[in-house]
Engineer: 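Just dropping this structure here.
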Amino acid sequence: AQSVTQLDSQVPVFEEAPVELRCNYSSSVSVYLFWYVQYPNQGLQLLLKYLSGSTLVKGINGFEAEFNKSQTSFHLRKPSVHISDTAEYFCAVTYSSASKIIFGSGTRLSIRP
Amino acid sequence: DGGITQSPKYLFRKEGQNVTLSCEQNLNHDAMYWYRQDPGQGLRLIYYSQIVNDFQKGDIAEGYSVSREKKESFPLTVTSAQKNPTAFYLCASSIGDSLNSPLHFGNGTRLTVT
């Protein structure tokens, strides 16, 4: 079955430290990959997307993600986090063989001063 | 500014009552979606519509109903048949189908049923 796994439900980091949020998806010939961010009591906003081309994708707020087809991963990274990055982050995948987007269960990023 | 408006932000209802959540978009998007979000879980698709006067069930459609009479509007009714209606409901839209079109979300409606 097609699925998306976010291995960490919570990630605490200190301010200005680097962070990586992990996302793995079940293998497929063709996928489109997204990261969304959700601030408390709000909807989701698109951070970045991979549709094709360069495997390193840059998004808003200094985030980037790398598509790794051999490891079926799309991990999100930021070299130095800020208090304002405190939010929940969702990885999402659409498979060419399916007709809908599949969301991971989310990773809550908490930033310590 | 274009966007998706969900109203109200908070909604309280007694068990056994139907309730309708509003979702309006001025992005001129063809596709609209309703998701349910529960703590610690991802988003689960309730219903979606790719064109006016047509909609399809998602993964958890039981106890919910929708209509799509206008391109801009996609209201969701939570009926008394929904066993656990208390949740955060998110409406979204996209230009085309969601395979490679990012979703644009509203700010959600938090429904509490007691």
Side-chain angles (χ1 to χ4, degrees), chain A residues 1-11 21 23-26 28-53 57 59-60 65 67 74 87-108, chain B residues 1 3-11 21 23-25 27 29 31-50 54-61 87-112:
Chain A
Q2 296 154 343
S3 64
V4 180
T5 302
Q6 291 185 245
L7 296 167
D8 306 301
S9 59
Q10 295 188 59
V11 173
L21 306 183
C23 174
N24 288 86
Y25 58 95
S26 53
S28 176
V29 175
S30 179
V31 295
Y32 302 113
L33 300 155
F34 306 84
W35 274 100
Y36 289 85
V37 60
Q38 184 180 33
Y39 299 104
N41 293 314
Q42 293 188 25
L44 280 68
Q45 302 173 32
L46 181 68
L47 264 181
L48 49 80
K49 61 185 177 186
Y50 172 79
L51 302 182
S52 64
V57 180
I60 62 172
F67 170 54
F74 191 54
E88 189 154 21
Y89 293 80
F90 290 91
C91 181
V93 182
T94 57
Y95 296 88
S96 59
S97 57
S99 59
K100 63 179 182 181
I101 189 168
I102 300 174
F103 285 89
S105 56
T107 297
R108 192 172 297 276
Chain B
D1 286 341
I4 298 180
T5 301
Q6 290 188 244
S7 60
K9 190 170 180 64
Y10 299 96
L11 193 52
L21 282 59
C23 177
E24 303 278 332
Q25 56 103 353
L27 299 166
H29 286 174
M32 296 187 74
Y33 311 81
W34 274 106
Y35 288 91
R36 170 179 171 141
Q37 185 178 22
D38 295 285
Q41 300 190 36
L43 278 64
R44 292 185 289 170
L45 182 63
I46 304 172
Y47 268 98
Y48 64 101
S49 167
Q50 294 180 318
D54 188 43
F55 47 82
Q56 287 77 42
K57 293 181 179 180
D59 300 317
I60 56 166
F88 190 50
Y89 291 88
L90 287 163
C91 180
S93 70
S94 65
I95 293 175
D97 62 49
S98 64
L99 287 184
N100 63 4
S101 301
L103 296 174
H104 297 254
F105 285 86
N107 280 329
T109 292
R110 189 169 298 280
L111 174 65
T112 301

Engineer: Tell me, side chain or backbone of B:Q37 under 4.5 Å from chain A's heavy atoms, or both, or neither?
Structural biologist: side chain
Engineer: Identify which part of B:L90 has an atom lying under 4.5 Å from any heavy atom of chain A, answering side chain, backbone, both or neither.
Structural biologist: side chain
Engineer: Test of understanding: with ring pair (Phe, Tyr, Trp, His ring centres under 6.0 Å), list the residues that count as partners of A:F67, not counting sequence neighbours.
Structural biologist: A:Y50
Engineer: Between A:Y39 and chain B, with a heavy-atom cut-off of 4.5 Å, which part of the residue counts as in contact: side chain, backbone, both or neither?
Structural biologist: neither
Engineer: Is chain B contacted by the side chain of A:Q38, its backbone, both, or neither, given a heavy-atom distance below 4.5 Å?
Structural biologist: side chain
Engineer: Determine whether B:Y35 and A:I101 make a side-chain contact, defined as any pair of heavy atoms from C-beta on separated by less than 4.5 Å.
Structural biologist: yes
Engineer: Are there over 12 heavy-atom neighbours, none belonging to B:K9, within less than 6.0 Å of that residue's NZ?
Structural biologist: yes
Engineer: Side chain, backbone, both or neither: which part of A:L51 has an atom under 4.5 Å from a heavy atom of chain B?
Structural biologist: side chain
Engineer: Is A:F103 close to B:L103 at the side-chain level, that is, under 4.5 Å between some pair of heavy atoms?
Structural biologist: yes
Engineer: Which value, rounded to the nearest 0.5 Å, describes the distance between B:N107 atom CG and A:L44 atom CG?
Structural biologist: 10.5 Å
Engineer: Between B:R110 and chain A, which part of the residue has a heavy atom less than 4.5 Å away: side chain, backbone, both or neither?
Structural biologist: side chain
Engineer: Please find the pair of heavy atoms, one from A:N41 and one from B:F88, that lie closest to each other, and give the distance.
Structural biologist: C-CZ, 4.3 Å
